[in-house]
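A, B, ... follow the sequence lines: proteins, then strands. Residue 1 opens every chain.
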Amino acid sequence: MADCHTHALITAGNIVKKYASLFALLLVTAVLLSACSSEGTSGQAVNPKPPPNVRVQALPSATASPEPPQPEIAPTSSPQPTEQVYYYDPTPDPAALESEIEAVMDDIDKKLNSQDLLLKP
Amino acid sequence: MQRRLPSKKILFGLLSALVAIALLVSVIPAMAAGAGDENTPIPGMGRVPNPTLVRMHNKLGSWFNDQEDLLREADGLSQNFQALIDVHQKAGKNVTILENGLATFEAEVAASREIHLVAGAAIFSTAGFKVNGDVRDRLVAGQQLLDGHASLKDAHFRLAQAIHDLRKTFTNWRHTRVTGIPWPTAIPTP
């Protein structure tokens, strides 16, 4: 019985000796993992990059947007003329027209009568 | 011994040259006389020297320009007459006499202007006279003067008639407006 126990111990010791480096590696890994997991549960995730400066707005549409309604301007009263304004009456005076017609007819007659109609050197 | 006669080709050539020379001798003096000889009589004008033709041409050109002004004045008269018609029509008066008179006047002035333009085409043609006014071809120049003069005179008489008719219409209308009785068109014979 004691032999068996001793043999088992010897075997375990041999195994430990044989894979000591592997065990050590596993141990270190486990310690690191446990440390990381404890830190992760206790702290918040931090984004090291600054937030992008993006302005959110509506994209311009292809159709023209309707003109905004112009505010109606209240009509202002025109300034009243201080002086009397005279307008030209386009209707001519018939008597003046008649005398002008006579004068033009006389002038044409005079010029026609003064014209030399002969073909001479 | 056999004499050699000139060939037919040479004889034909000599004959052609002689004919050509004869033609030139007969045509050139006639052309020269027509273009520049001052003694050549012009049909309808006689033996008029070239400087006289130039003077007559200038005189006709001046007459044409004066008549152009008169026709323009007649257009102005027509506008005045229309204004008078409009004024009286607006006042509700009867303007039939004036309207008829103006229509006749405008038609006569238009006819006069057409003849006047024919005169201008004859006078200012460069067939008989050069651009600088000198005579190019005596016979053509003389004919230009005769044609231009006849047309100018015709246009003159038509314009004179148009003015005479318009004056008559105007007098008639004035008389009717004052007395209410139309102006007598024909004097009754006793």
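For residues 144-164 of chain B, the interface with chain A (any heavy-atom pair closer than 4.5 Å) comprises Leu145(B), Leu146(B), His149(B), Lys153(B), His156(B), Phe157(B), Leu159(B), Ala160(B), Ile163(B), sorted by residue number. Within residues 58-68 of chain B, the residues having any heavy atom less than 4.5 Å from a heavy atom of chain A are, in residue-number order, Lys59(B), Leu60(B), Trp63(B), Asp66(B).
Counting non-hydrogen atoms of other residues, nucleotides and ligands closer than 6.0 Å to CD of Glu114(B) gives a total of 12 or fewer.
Hydrophobic clustering, with ILVMFWY side chains joined whenever heavy atoms are under 4.5 angstrom apart, groups Leu84(B) together with Val104(A). In the hydrophobic clustering of ILVMFWY residues, with side-chain heavy atoms under 4.5 Å counting as a link, Ile115(B) and Phe124(B) come out apart.
Comparing Leu117(A), Asn113(A), Asp116(A) by how many heavy-atom pairs each has under 4.5 Å with chain B, the most go to Leu117(A).
Contact annotation for Leu53(B): neither backbone nor side-chain heavy atoms come within less than 4.5 Å of a heavy atom of chain A. If you measure heavy-atom distances from Phe81(B) to chain A, the contacts under 4.5 Å come from both the backbone and the side chain. In this structure, no portion of Asp93(A) lies under 4.5 Å from any heavy atom of chain B.
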### Task
Starting from the C-alpha separation in whole Å, work towards a yes-or-no answer on side-chain contact (heavy atoms from CB on, under 4.5 Å) for Asp109(A) and Arg167(B).
CA-CA 10 Å; Asp109(A) 255 343; Arg167(B) 193 187 284 279; 3.0 Å; yes
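Nearest heavy-atom pair across Val87(B) and Pro94(A) is CG1-CG, 3.5 Å.
Atom-to-atom distance recorded for Asp86(B):CG and Leu97(A):CG is 9.5 Å, nearest 0.5 angstrom. Atom NZ of Lys111(A) sits about 6.0 Å away from atom CG of Leu70(B), to the nearest 0.5 Å. Glu102(A) contributes atom CD, which lies 7.5 Å from atom OG1 of Thr171(B) (distance to the nearest 0.5 angstrom). How far CG of Leu77(B) is from CD of Glu100(A): 9.5 Å, rounded to the nearest 0.5 Å.
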